[in-house]
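Single-structure report; data block below.
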Protein chains: 2
Amino acid sequence: MRPTVNDIAHAAGVSLATVDRVLNARPGVRKVTIERVNKAIEELGYVRDLSAANLARRRTYRFVFVLTEGDSQFQRTLRETIEEVAKNAARERMMVETVLVPPGDPHHLARVLHGLEDDRAEGVAIMAPETPHVRDAIRHLKENGIAVVSLVSDLPNTDQDHFVGIDSIAAGRTAGVLMRRFLCKNKGKVLVLSNTMILRESVERRLGFDAALIESYPEIEVLPSIEWRDDPDRLERNVRAAFASYDDIIGVYVTGPGNRLFSRVLAPYRQEHDLVYIAHELTDHTRAGLADGSIDVVITQDIGHVVRSTLRVLRAKVDKTEIDAAQERIRIDVVLKENMG
Amino acid sequence: MRPTVNDIAHAAGVSLATVDRVLNARPGVRKVTIERVNKAIEELGYVRDLSAANLARRRTYRFVFVLTEGDSQFQRTLRETIEEVAKNAARERMMVETVLVPPGDPHHLARVLHGLEDDRAEGVAIMAPETPHVRDAIRHLKENGIAVVSLVSDLPNTDQDHFVGIDSIAAGRTAGVLMRRFLCKNKGKVLVLSNTMILRESVERRLGFDAALIESYPEIEVLPSIEWRDDPDRLERNVRAAFASYDDIIGVYVTGPGNRLFSRVLAPYRQEHDLVYIAHELTDHTRAGLADGSIDVVITQDIGHVVRSTLRVLRAKVDKTEIDAAQERIRIDVVLKENMG
DNA sequence: TGACTCTTGAGTGACGTACCTCAAATTTTT
DNA sequence: AAAAATTTGAGGTACGTCACTCAAGAGTCA
């Protein structure tokens, strides 16, 4: 049988109350006594029973995900995953809510975040671009004792507690090195596409991509990023212009969402061009692209892992307990048709 | 506040005892009453509080990992990971024990498994080659109501409940396609190495590798697998022979553990040969190989994930609850220097 | 010495569920 | 309609921890 607090008390020759004080870092215990208790804990190999602890604490965690609206496959998958994970989280007394804010409206976002201060949640997970308003709102949240975690898109210059996601520069570098290897010393141009460069990871991925590709492979020219900002026509125009200007385009790299649209735009040019196509984020569409061979590699992160990790981290922050770095590290996944699973 | 069993009882107009009978599928409740209770559960959105349930059940799980001895980096990492995960598992009342058996001794293994029948464990996780003795022992375990899960190395023709690990054929295929792409249409021979082909995954990886490489790239000849069976001299002899016979070796594929040894053996030949080196299992050594560029790709699985998943699956099997397929699927990780993390 | 603080003991009632007993109510069978 | 079987109610104890109270003991200072 596992030792309980009672066993510890007995072994240490103190009362239950003292053990409790030590365990929960309550004041009013002498140093020597603390050590005696800790020694007993060590010797008996006591570990706190989480079930009982949670029950007694009758703590229910309220966490809010704040996401920007959008109907890209990625965002849709994210929302679905949150919903699904939330269901299981309920068993562990975590109530998860999702709030959507319109994209490109930092004021609205800041208002929403401020609204969370008064007792709506003890933890907030944010995926949104970093702006002064957001920085401000996050500081307020933290001042009110609310845990703040960013997911997918880092908010490094804020008071956030943690970022759950991948290193975008490394992700871009991974894309770059794969592009380099898949291009097999051919000379030519590489097209880089991004719906918007407002999100920092778009910029960082491009950075890493260029670094990995150009530094070791100067025969390749990486063209300036094509942005289309939710405007399909602009995308089409720019792509047409690119293929008109250069007949040696041999690779395309899409740094973020938008593969569904871009694939359609790209289709007419694929017959005459043998392209290496590298994309980000595994979704139904990129999955299909891998399967039919139109996409060569997808660099991605496991969304389920991201969401579960976010909740674990939020809980750890609220409880002020350690987080298991190994478990919470999100890997940069390289997905080919063969290991798609 | 979350609804409790009491709320359900009240809402359904029955007593606590009846709700309890319904929830735990105990006999002695009329169908109509069951439905009434279920309706209340549905309406109030009741979810069983796992903490309280586990506490009340005062269930402690005893799980045993049965592994073959060995000092390869992979096995070492696996053991360390189990130990670490076990520490956290203790908080959730799971006592994890590891038993090592000498490799290549199916009788010993079978004896150990039989020894687990009488009350030593309610769940067993096995990583070992499949033999008739093992099949037999697993059947006995199952007959005694013990959950059996294999990890890393599948035991498909046994009565096991589940396999936690990757599809070896797909892993081999992934290695094959990466080899093909990294070789860039060069002609030549590829060396395949495997300590032993007794474990089924060695065979399967080779199978997948050949399929992906040869079918779409016939200019390459994949040489017969070199086995060394824990004998460094044999490895060295065979490698020497291979490089003596062929001067157009352009790739090497190590299908399992043994990269540390093999790297040493290979070193003298690397100066004159430009090789693509693909390995399996991310360990300290293969990590270092990626970092210094001597290894190009490592195909691996997240051991931490495997071990945690194994415990979750065992618990689910013991509790006869559903397992979350998405969470328990182990991905085939493709690791380059750039996304090593 | 007394007044004071700091430390410890002893005990209690949650938390939500599991599992048990015994008796009463209800339905089914004879 | 009586007997038997089934279904339901009422209540209790337990699980291990948390969080609290109240009182008593030890130690410190003037």
Side-chain angles (χ1 to χ4, degrees), chain A residues 1-41 44-61 90-95 315 318-321, chain B residues 1-41 44-61 89-95 318-321:
Chain A
M1 267 294 115
R2 291 177 39 163
T4 74
V5 273
N6 276 297
D7 301 324
I8 302 300
H10 191 252
V14 298
S15 77
L16 205 64
T18 303
V19 175
D20 179 64
R21 289 180 183 114
V22 174
L23 276 177
N24 297 292
R26 279 188 253 279
V29 188
R30 269 186 309 168
K31 225 180 231 150
V32 278
T33 316
I34 293 181
E35 271 157 25
R36 201 138 49 94
V37 171
N38 280 330
K39 193 160 145 269
I41 288 175
L44 297 191
Y46 168 81
V47 271
R48 199 200 224 87
D49 185 319
L50 264 196
S51 295
N54 285 336
L55 182 58
R57 266 194 253 266
R58 63 160 156 278
R59 155 152 246 145
T60 57
Y61 305 86
R91 278 167 216 288
E92 297 172 55
R93 340 169 77 85
M94 319 198 316
M95 330 245 299
R315 201 174 44 182
V318 170
D319 291 346
K320 298 192 198 315
T321 59
Chain B
M1 268 296 114
R2 290 176 40 164
T4 73
V5 274
N6 274 297
D7 301 323
I8 302 299
H10 190 252
V14 299
S15 78
L16 203 65
T18 303
V19 176
D20 179 65
R21 290 180 183 113
V22 173
L23 276 177
N24 297 292
R26 281 186 251 280
V29 187
R30 270 187 308 169
K31 226 177 233 151
V32 279
T33 316
I34 293 182
E35 271 155 26
R36 200 137 50 93
V37 172
N38 280 330
K39 191 158 146 273
I41 288 175
L44 297 192
Y46 168 83
V47 270
R48 197 200 290 272
D49 185 319
L50 268 193
S51 293
N54 284 335
L55 181 59
R57 265 195 253 267
R58 65 165 155 285
R59 155 150 246 147
T60 58
Y61 306 85
R91 280 167 216 286
E92 298 173 54
R93 340 168 76 85
M94 319 193 337
M95 330 243 301
V318 170
D319 291 345
K320 298 194 197 313
T321 59

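Each chain gets a letter, A, B and so on, in the order its sequence line appears, and its residues count up from 1.
As rounded to whole Å, 11 Å separates atom C1' of dT17(C) from atom CZ of R93(A). Per the geometry, CZ belonging to R36(B) stands 14 Å off P belonging to dT7(D), to the nearest Å. What separates CG of L55(B) from P of dT17(D) is a distance of 9 Å, to the nearest Å. In this structure, CD1 of I41(B) is placed 10 Å from P of dT17(C), rounded to the nearest angstrom. In this entry the distance linking CZ of R91(B) with C1' of dC15(D) reads 19 Å, nearest Å. In this structure, D20(B) atom CG and dA14(D) atom C1' are separated by 14 Å, rounded to whole Å. Going from atom CZ of R26(B) over to atom C1' of dT6(D) covers 18 Å, rounded to whole Å. We find that CG of L23(B) is positioned 8 Å from P of dT17(C), with the value rounded to whole Å.
Although no hydrogens or angles enter the test, the distance criterion places a donor-acceptor pair under 3.5 Å between the side chain of R48(B) and the main chain of L23(B). Between the side chain of R2(A) and the backbone N or O of M95(B) there is no donor-acceptor pair closer than 3.5 Å. Formation of a donor-acceptor pair under 3.5 Å by the R21(B) side chain with backbone atoms of R26(B) is not found in this model. Remark: side-chain polar atoms of N24(B) are paired, donor with acceptor, to backbone N or O of D20(B) under 3.5 angstrom.
Base contact: A17(B) has a heavy atom under 4.0 Å from a base atom. The residue D49(B) sits close only to the backbone: its heavy atoms come under 4.0 Å of sugar-phosphate atoms, none of a base. Using a 4.0 Å heavy-atom distance criterion, N6(B) is classed as making no nucleic acid contact. Using a 4.0 Å heavy-atom cutoff across all strands shown, N54(B) reaches no nucleic acid atom at all.
Listed pair S15(B) / dA10(D) fails the phosphate criterion, with no side-chain N or O lying under 4.0 Å from OP1 or OP2. Applying the 4.0 Å criterion to OP1 and OP2 of dA14(D), one finds that R58(B) has every side-chain N and O outside that range. The phosphate of dT8(D) (OP1 or OP2) has a side-chain N or O of R30(B) nearer than 4.0 angstrom. Between R48(B) and dG16(C) there is no side-chain N or O to OP1 or OP2 distance below 4.0 Å.
Both A52(B) and V14(A) lie close to DNA chain C; mapped to their nearest nucleotides by heavy-atom distance, the more 5′-ward contact belongs to V14(A). Toward the 5′ end of DNA chain D lies the nearest nucleotide of K31(B), the other residue of the pair K31(B) and A56(B) mapping further downstream. Along DNA chain D, the nucleotide nearest R57(B) and the nucleotide nearest V32(B) are compared for position; the residue whose nucleotide lies closer to the 5' end is V32(B).
Which of dC15(C), dT7(D), dA18(C) sits closest to the side chain of T33(B) comes down to dT7(D). Side chain of T4(B), nearest nucleotide from dC18(D), dG16(C), dT17(D): dG16(C).
In the interface, the side chain of R21(A) is paired with the base of dG9(C) through a donor and an acceptor atom under 3.5 Å apart.
Among E35(B), R30(B), K31(B), the one residue that satisfies the side chain to side chain contact (heavy atoms under 4.5 Å, CB included) test with T33(B) is R30(B).
Counting heavy atoms from C-beta on, the side chains of R57(A) and R93(A) never come closer than 4.5 Å.
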